[in-house]
J.: 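Please find one structure pasted underneath; my questions will follow.
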Amino acid sequence: DTAVSQTPKYLVTQMGNDKSIKCEQNLGHDTMYWYKQDSKKFLKIMFSYNNKELIINETVPNRFSPKSPDKAHLNLHINSLELGDSAVYFCASSRAGTGGDEQFFGPGTRLTVL
Amino acid sequence: ILNVEQSPQSLHVQEGDSTNFTCSFPSSNFYALHWYRWETAKSPEALFVMTLNGDEKKKGRISATLNTKEGYSYLYIKGSQPEDSATYLCALVSNFGNEKLTFGTGTRLTIIP
């Protein structure tokens with residue numbers, strides 16, 4: 001059973017489109033995260049939710065909107081996609097949001113904007 | 001902006017040799033230090049979460065130490081094996097009131113058979 005799953009694995013789309021990436025965890029964790037792996041291979045936090053409540057919202061364009069229908073799911077919706085949004089996006093979860101718990105990562109979604 | 005630095009950036013080690021690399025971070029406002037192992041085409045996997053100064057953790061042939069006063073952590077791999085080839089990331093959590101991980105750029109380790 002996959003602990004943290006993301007769909008789709010690959011997403012190729014045109015500039016200006018709106019797309020969503022879904023994330024689900026079956027670990028019973030309270031906290032979920034979205035990370036972006038940038039062109040320099042850095043992993044940077046975008047958002048985190050604790051039990052459906054937004055905890056971290058980094059300086060991310062408001063074209064990016066996370067949605068957490070329940071604590072097992074955290075989806076990422078991106079409006080008006082731009083070339084610079086091309087990256088690998090990782091979802092992760094942890095037992096609690098204290099920073100003292102290891103995070104479990106999904107397989108990543110490679111987004112390519114043409 | 002927190003500056004988490006890892007060195008070296010990449011490393012080639014002969015199979016069977018032992019190796020170590022460093023994660024440096026600001027010592028003020030320290031809360032926790034994470035180590036992750038990231039194999040190519042996979043996702044990062046947690047190795048250790050360390051919170052106490054002087055802490056030493058071990059998992060098989062891999063161990064890590066932590067010095068929060070001077071702001072560094074070492075990761076050691078004993079008797080390197082080809083399956084140890086991966087990028088090793090450290091990530092700092094500060095006590096600013098959120099649980100944000102700030103990642104370093106990683107050390108890319110290649111084991112030469």
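Worth saying up front: this structure is predicted, and the values here are computed from it rather than measured. All values below come from the heavy atoms of this structure, side chains included, with hydrogens, waters and symmetry mates left out.
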J.: Could you state whether Met46(A) and Phe42(A) fall into the same hydrophobic cluster, counting links through intermediate Ile, Leu, Val, Met, Phe, Trp or Tyr residues with side-chain heavy atoms under 4.5 angstrom apart?
T.: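 Different clusters.
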J.: Around Gln81(B), counting heavy atoms of other residues, nucleotides and ligands shown, do more than 12 lie under 6.0 Å from its CD?
T.: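 Above 12, so yes.
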J.: I'd like to check the ring-ring contact (aromatic ring centres under 6.0 Å, His included) partners of Phe30(B); sequence neighbours left out, ordered by chain and number.
T.: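 Phe30(B) satisfies ring-ring contact (aromatic ring centres under 6.0 Å, His included) with Phe25(B) once adjacent residues are dropped.
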J.: Select all residues of residues 55-67 of chain B having any heavy atom within less than 4.5 Å of some heavy atom of chain A, and report them by number, or 'none'.
T.: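 Within residues 55-67 of chain B, near chain A: nothing under 4.5 Å.
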J.: Would you say that more than 12 heavy atoms from the other residues, nucleotides or ligands in this model lie under 6.0 Å from the CZ of Arg108(B), or not?
T.: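 Not more than 12 within 6.0 Å, no.
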J.: Under 4.5 Å between side-chain heavy atoms, counting indirect links through other Ile/Leu/Val/Met/Phe/Trp/Tyr residues: same cluster for Leu54(A) and Trp34(A) or not?
T.: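 Leu54(A) clusters together with Trp34(A).
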J.: Can you tell me which of Lys44(A), Gln37(A), Gln103(A) forms the most heavy-atom pairs within a distance under 4.5 Å of chain B?
T.: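 Going by pairs under 4.5 Å, I would pick Gln103(A).
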J.: According to a hydrophobic-cluster definition based on side-chain heavy atoms being under 4.5 Å apart (Ile, Leu, Val, Met, Phe, Trp, Tyr only), do Leu11(A) and Val113(A) belong together?
T.: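 Yes, Leu11(A) and Val113(A) fall within the same hydrophobic cluster.
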J.: Do you know the tightest heavy-atom contact between Trp38(B) and Phe90(A)?
T.: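 Heavy atoms only, the tightest pair is CZ2-CZ, 3.4 Å.
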J.: Check whether Ser94(A) gets within reach of chain B through its side chain, its backbone, both or neither, counting any heavy atom under 4.5 Å.
T.: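 No part of Ser94(A) comes within 4.5 Å of chain B.
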J.: Surrounding CD of Glu45(B) (heavy atoms of other residues, nucleotides or ligands, distance under 6.0 Å), is the total greater than 12?
T.: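 Atom CD in Glu45(B) is not packed in, count stays at 12 or less.
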J.: How long is the gap from CD1 on Ile56(A) to NZ on Lys100(B), to the nearest 0.5 Å?
T.: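 Answer for the CD1-NZ pair, Ile56(A) versus Lys100(B), is 7.0 Å.
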J.: Count I, L, V, M, F, W, Y as connected when their side-chain heavy atoms are under 4.5 Å apart, and connections chain through other members. Are Val49(B) and Val4(A) then in the same cluster?
T.: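 Not linked; separate clusters.
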J.: Looking at side-chain heavy atoms only, is the closest gap between Tyr33(A) and Leu101(B) below 4.5 Å?
T.: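 No - every pair of side-chain heavy atoms lies 4.5 Å or more apart.
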J.: With side chains defined as the heavy atoms from C-beta onward, is the minimum distance between Phe105(A) and Tyr36(B) less than 4.5 Å?
T.: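 Counting from C-beta outward, Phe105(A) and Tyr36(B) do come under 4.5 Å.
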J.: Tell me, side chain or backbone of Trp35(B) under 4.5 Å from chain A's heavy atoms, or both, or neither?
T.: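 Neither part.
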J.: Looking at Gln9(B), I want to see if its CD is surrounded by more than 12 non-hydrogen atoms of other residues, nucleotides or ligands under 6.0 Å.
T.: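 Incorrect, the count does not exceed 12.
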J.: Let's test your reading of the structure: which of Leu43(A), Val88(A), Ile45(A) forms the most heavy-atom pairs below 4.5 Å with chain B?
T.: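 Heavy-atom pair counts peak at Leu43(A).
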J.: Phe104(A) versus chain B, heavy atoms under 4.5 Å apart: side chain, backbone, both or neither?
T.: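 No part of Phe104(A) comes within 4.5 Å of chain B.
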J.: Using a cut-off of under 4.5 Å for heavy-atom pairs, which of Gly104(B), Ala32(B), Ala46(B) has the most such pairs with chain A?
T.: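 Top option by heavy-atom pairs under 4.5 Å: Ala46(B).
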J.: Checking Leu89(B) against chain A: side chain, backbone, both or neither under 4.5 Å from a heavy atom?
T.: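 Side chain only.
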J.: Does atom NZ of Lys71(A) have more than 12 heavy-atom neighbours from other groups under 6.0 Å away?
T.: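 Correct, the count exceeds 12.
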J.: Check whether Asp101(A) gets within reach of chain B through its side chain, its backbone, both or neither, counting any heavy atom under 4.5 Å.
T.: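 Contact with chain B: backbone only.
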J.: Would you say Tyr76(B) ends up clustered with Tyr88(B) if hydrophobic residues are merged whenever their side chains have heavy atoms under 4.5 Å apart, either directly or through other cluster members?
T.: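 Tyr88(B) and Tyr76(B): separate clusters.
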J.: Which atoms form the tightest heavy-atom contact between Gly106(A) and Ser43(B), and what is the distance?
T.: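 Nearest heavy atoms, Gly106(A) then Ser43(B): O-CB, 2.8 Å.
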J.: Let's test your reading of the structure: which of Ala96(A), Gly100(A), Gly108(A), Ala92(A) forms the most heavy-atom pairs below 4.5 Å with chain B?
T.: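 Option with the greatest count: Gly100(A).
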